[in-house]
A.B. asks: 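Take a look at this one; I'll ask things after.
Residue numbers begin at 1 in each chain, while the letters A, B, ... track the order of the sequences.
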Amino acid sequence: EAEAEVHDEL
Amino acid sequence: MNIFRLAGDMTHLMSILVLLLKIYATKSCSGISLKTQELYALVFLTRYLDLFTDFISVYNTVMKLVFIGSSLAIVWCMRMHRTVKRSYDGQLDTFRHYFLVAACFLSALIVHEKFTFQEIFWAFSIYLEAVAILPQLVLLQRSGNVDNLTGQYVFFLGAYRALYILNWIYRYFTEQHFSRWIACISGLVQTALYADFFYYYFISWKNNSKLQLPA
């Protein structure tokens, strides 16, 4: 289950 | 972080500073669409829901607070500040932006990265930002001549997302599994919406003339 990657962009 | 993204964030910050300068220096918000400002406040509030849960960096947190704070301050100022609100072109700023909110929320329910509360609101904020400039562009066309600060504000706002597209291209080639299709496609649409504005902005800069958008 690909964990939703953290959004590191503004 | 890469140079394109940093340049993009600084350009975005610049657009906000120019807008704040215009409102505080001229005590007027003529030519500024309150609806676009409200849409941007909603974009930041729904995109940064992870403000207190995911810590990325001091820079990231500070910028999120600046974007949320400045957008809310501008909306407050245009709605409540005695002097400023008198200069608001309410009769020209009639874009039905609630339709944009509804359409973007529906789209986010259909296309998102993961069916979770935070991800759906993140996708919603990405779609909403792509179209948030529409009320402002319509207002510029209706209000004829555009003052310099307003023109610069819209220019920097459009330029920041164009720099983000370079950032996504750079990350695509330098990071293995980089895939931000939602943000990329939405960013392309967003930048395309500025195309005609950029054209008239360039013409006015080249001829050193007043920025005029055709009605």
Side-chain angles (χ1 to χ4, degrees), chain A, chain B residues 1-2 4-6 8-13 16 43-44 46-51 53-57 59-68 112-123 125-126 129 160-161 163-165 167-168 170-171 175-180 182-184 186-187:
Chain A
E1 172 80 357
E3 58 105 24
E5 80 264 10
V6 170
H7 297 296
D8 62 347
E9 295 181 344
L10 289 173
Chain B
M1 173 63 85
N2 58 64
F4 301 112
R5 182 143 66 98
L6 183 62
D9 290 342
M10 290 306 108
T11 306
H12 192 182
L13 188 62
I16 291 170
V43 163
F44 294 135
T46 51
R47 185 172 305 176
Y48 302 149
L49 292 173
D50 63 349
L51 182 60
T53 55
D54 298 328
F55 177 77
I56 309 240
S57 69
Y59 169 82
N60 188 273
T61 302
V62 167
M63 290 297 275
K64 286 176 177 177
L65 290 170
V66 165
F67 288 162
I68 291 174
H112 42 262
E113 285 184 1
K114 210 174 168 196
F115 196 76
T116 64
F117 180 82
Q118 195 157 316
E119 281 304 315
I120 285 175
F121 274 100
W122 181 81
S125 81
I126 292 287
E129 186 185 3
Y160 115 81
R161 213 61 180 168
L163 287 165
Y164 253 75
I165 291 171
N167 151 65
W168 289 318
Y170 176 84
R171 292 188 76 176
E175 294 173 22
Q176 277 67 27
H177 53 283
F178 177 76
S179 73
R180 290 281 171 79
I182 289 180
C184 289
S186 191

A.B. asks: Quick one: pull up CZ in B/Arg180 and NE2 in A/His7 and give me the separation to the nearest 0.5 Å.
C.D. replies: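 It comes to 6.5 Å.
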A.B. asks: Would you call B/Asn60 and A/Asp8 a side-chain contact if the rule is heavy atoms closer than 4.5 Å?
C.D. replies: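 Side chain of B/Asn60 against side chain of A/Asp8, heavy atoms only: no contact under 4.5 Å found.
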A.B. asks: Distance from A/Glu9 atom CD to B/Met63 atom CE, nearest 0.5 Å?
C.D. replies: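 Result: 13.0 Å between the selected atoms.
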A.B. asks: Relative to chain A, which segment of B/Ser179 carries a heavy atom at a distance below 4.5 Å: side chain, backbone, both, or neither?
C.D. replies: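 The answer is the backbone of B/Ser179.
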A.B. asks: Looking at every non-hydrogen atom in both residues, tell me the closest pair between B/Phe67 and A/Leu10 and how far apart they are.
C.D. replies: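 Here B/Phe67 and A/Leu10 meet closest at CE1-CD1, 3.8 Å.
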